[in-house]
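Notes for the one structure printed next.
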Amino acid sequence: MNGVPRLTRGDILRWLKENDRVRLAQLWEWADAVRHEFVGDEVHLRGLIEFSNYCSRQCAYCGLNARNADVARYRMSADEILACAHQAVGFGYGTVVLQSGEDYGITREWLGDVVRRIKAETPLAVTLSVGERTEGDLAYWKDCGADRYLLRFETSNRALYDRIHPPRAGIYSDRPALLRYLRSIGYEIGSGVMIGIPGQTYEDLADDIELFRELDLDMIGVGPFLPHEKTPLGKEEEQLWAPLGEQVPNSELMTYKVVALTRLVCPYANIPSTTALATVNTKNGRELGLKRGANIVMPNVTPPQYREKYEIYPAKACIRETADMCHQCMKHRIQSIGRQIGKGRGDSPNRTIRRD
Ligand code: 5AD
Ligand code: FES
């Protein structure tokens, strides 16, 4: 195959609404072939460290939102984070992802020191996923050696975005602008959306996929919206649903469609088969994601006593396992579908192309 024909907005919309099994099988096959051609058969592993569950924001979908008083809050120490990073090296991972709520108890200097220590003591690439911080913080962490930044824009529909993300006083939230800034200062950038947010239409989802292309993302993670009862979006009967026939379902099938279309639209992107997908299909959601466009997995390396407190949505996969269990589980799943475990850091193929 030479290249990928450019999908129009109409094509994207038609595929999102497609329900014929034979046609969908063709979509999966096409996405898998493009994945094979553009990013190969290696599956890169990113060790996920959920290092703080404090959050100052009130995102209407997230179990860690500041209003949820039932969450026992924690912050891992620098030494605990470093121990996880060394464990990730032991497993052969090329990257650690440091993820937290939007926690202003995590200072610029403290996180900068953690990044510096990981870079000094290990060969790991470091990805940060700590929310909407100031340009000063983001630039400082880049100087400390951080390589990549993840910030999902969640939905490209501005009205829907505003409805589910109460702003911080006086600060306008513009995640696409922040992503462009992150890229301009040298980060590899990752983003993504939730699928099936109450009020999200097929048109919105097609816009999301077009925005992936426009932002020229290095990494794109998507997963189904999973209602959490301790959040404003947790009660079905209280939601503002889109008109009949327009509301996107938060289904496993819709997630595969978005993964596959994302691969076709952004052939060089690193696309994870996400934990949310593994949660809606514990049996083989990860494998199906990897067979329908994805090329990355993010095994959790957070110590068990903390990970059970990082419940962004209910019944989250891997919440009771250890790092070692997740490692064995992922290895097995990757090998069971005839793929190889990636070697090295798994840097963005997109970047290499862009530099040429
Ligand atoms: N259902 C699905 N995904 C969620 N996330 C947060 N809360 C939920 C939920 N209830 C996702 C968001 C966020 C990522 C870390 O987890 O997309 O960016
Ligand atoms: Fe954690 Fe399978 S990846 S148990």
Side-chain angles (χ1 to χ4, degrees), residues 43 45-50 52-53 55 57-65 68 71 91 93 97-102 127-132 149-155 161 164-165 173 175 178-179 190-198 200 208 219-236 239 248 250-252 254-255 258 272-287 289-290 296-302 304 307-308 310-334 336:
V43 176
L45 299 135
R46 323 292 205 199
L48 177 64
I49 308 175
E50 296 159 333
S52 161
N53 69 352
C55 193
R57 305 295 295 270
Q58 295 172 32
C59 302
Y61 45 86
C62 181
L64 300 184
N65 79 79
N68 187 359
V71 180
F91 289 142
Y93 303 166
V97 180
L98 302 185
Q99 187 174 87
S100 68
E102 201 166 296
T127 304
L128 297 179
S129 176
V130 299
E132 295 175 62
Y149 204 94
L150 300 181
L151 182 69
R152 290 190 179 178
F153 60 78
E154 313 294 0
T155 172
Y161 181 89
I164 62 178
H165 296 96
S173 165
R175 293 188 176 186
L178 211 48
L179 286 160
S191 195
V193 297
M194 287 181 296
I195 296 158
I197 305 167
Q200 183 185 46
D208 294 345
M219 304 163 285
I220 305 165
V222 301
F225 159 69
L226 299 166
H228 187 300
E229 73 164 342
K230 289 293 161 57
T231 66
L233 286 195
K235 291 186 191 62
E236 204 173 301
Q239 302 316 315
V248 172
N250 62 340
S251 64
E252 183 186 356
M254 190 58 63
T255 307
V258 177
S273 187
T274 56
T275 305
L277 195 45
T279 299
V280 290
N281 177 352
T282 46
K283 188 165 158 275
N284 64 348
R286 292 262 194 214
E287 289 89 328
L290 290 172
I296 300 281
V297 290
M298 297 169 66
N300 199 321
V301 294
T302 313
R307 70 169 78 184
E308 67 183 25
Y310 205 87
E311 209 174 22
I312 47 188
Y313 46 78
K316 188 169 159 235
C318 309
I319 204 117
R320 296 198 206 298
E321 337 303 301
T322 62
D324 199 53
M325 286 159 82
C326 287
H327 177 60
Q328 298 303 333
C329 170
M330 291 290 200
K331 231 172 55 180
H332 179 77
R333 288 179 192 271
I334 293 165
S336 77

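For reference, positions follow the sequence shown, starting with 1. One-based numbering, in listed order, for ligands and for the atoms of each.
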Discussion item. At less than 4.0 angstrom from any non-hydrogen atom of Cys62, what atoms of ligand 1 do you find?
Written reply: 7 (N)
Item to complete: Heavy-atom contacts with Phe225 under 4.0 Å: which atoms of ligand 1 show up? List them by number with element.
Response: 1 (N), 2 (C)
Worksheet entry | Arg286 side-chain N/O to Ser273 backbone N/O, donor-acceptor pair under 3.5 Å | yes
Worksheet item: So, does Tyr149 use its side chain to make a donor-acceptor pair with the main chain of Gly131 at under 3.5 Å?
Response: yes
What protein heavy atom sits nearest [atom], and how far away is it?
atom                    : answer
atom 14 (C) of ligand 1 : Arg152 NH1, 4.1 Å
atom 5 (N) of ligand 1  : Met194 SD, 3.8 Å
atom 10 (N) of ligand 1 : Leu226 O, 2.8 Å
atom 16 (O) of ligand 1 : Ile312 CD1, 3.6 Å
atom 2 (C) of ligand 1  : Pro224 O, 3.2 Å

Practice prompt. Could you please tell me which protein N, O or S atoms lie under 2.8 Å from atom 2 (Fe) of ligand 2?
Written response: Cys329 SG
Worksheet item: Does the side chain of Thr302 come under 3.5 Å of the side chain of Asn300 through a donor N or O and an acceptor N or O?
Response: yes
If every non-hydrogen atom of [X] is compared with every non-hydrogen atom of [Y], which pair is closest and at what distance?
X      : Y      : result
Pro314 : Leu226 : CD-O, 4.2 Å
Gly192 : Arg152 : O-CB, 3.2 Å
Arg307 : Cys318 : NH1-O, 2.9 Å

[X] N/O to ligand 1 N/O under 3.5 Å:
X      : result
Tyr61  : yes
Gln99  : no
Glu154 : yes
Pro227 : no

Roughly how far apart are [X] [atom1] and [Y] [atom2], rounded to 0.5 Å?
X      : Y      : atom1 : atom2 : answer
Leu151 : Met219 : CG    : CE    : 11.0 Å
Ile220 : Leu150 : CD1   : CG    : 11.5 Å
Leu98  : Glu50  : CG    : CD    : 11.5 Å

Practice prompt. Classify the contact between His228 and ligand 1 as side chain, backbone, both or neither, using a heavy-atom distance cut-off of under 4.0 Å.
Written response: neither
Worksheet item: Under 4.0 Å from ligand 1, counting heavy atoms only, is it the side chain of Ala276, its backbone, both or neither?
Response: neither
Discussion item. Would you call the rings of His327 and Phe91 parallel, tilted or perpendicular, taking 30° and 60° as the class edges?
Written reply: parallel
Practice prompt. Run the salt-bridge test on Arg175 and Glu132 with the 4.0 Å N-O cut-off and return the result as yes or no.
Written response: yes
Worksheet item: With a 4.0 Å cut-off, would you call Lys230 and Glu311 a salt bridge?
Response: no
Item to complete: Could you give me the CA-CA distance, side-chain angles and deciding distance for Thr274 and Val222, then say whether side-chain contact (heavy atoms from CB on, under 4.5 Å) is met?
Response: CA-CA 7 Å; Thr274 56; Val222 301; 6.0 Å; no
Worksheet item: Would you say Gly221 touches ligand 1, if touching means a heavy atom closer than 4.0 Å?
Response: no
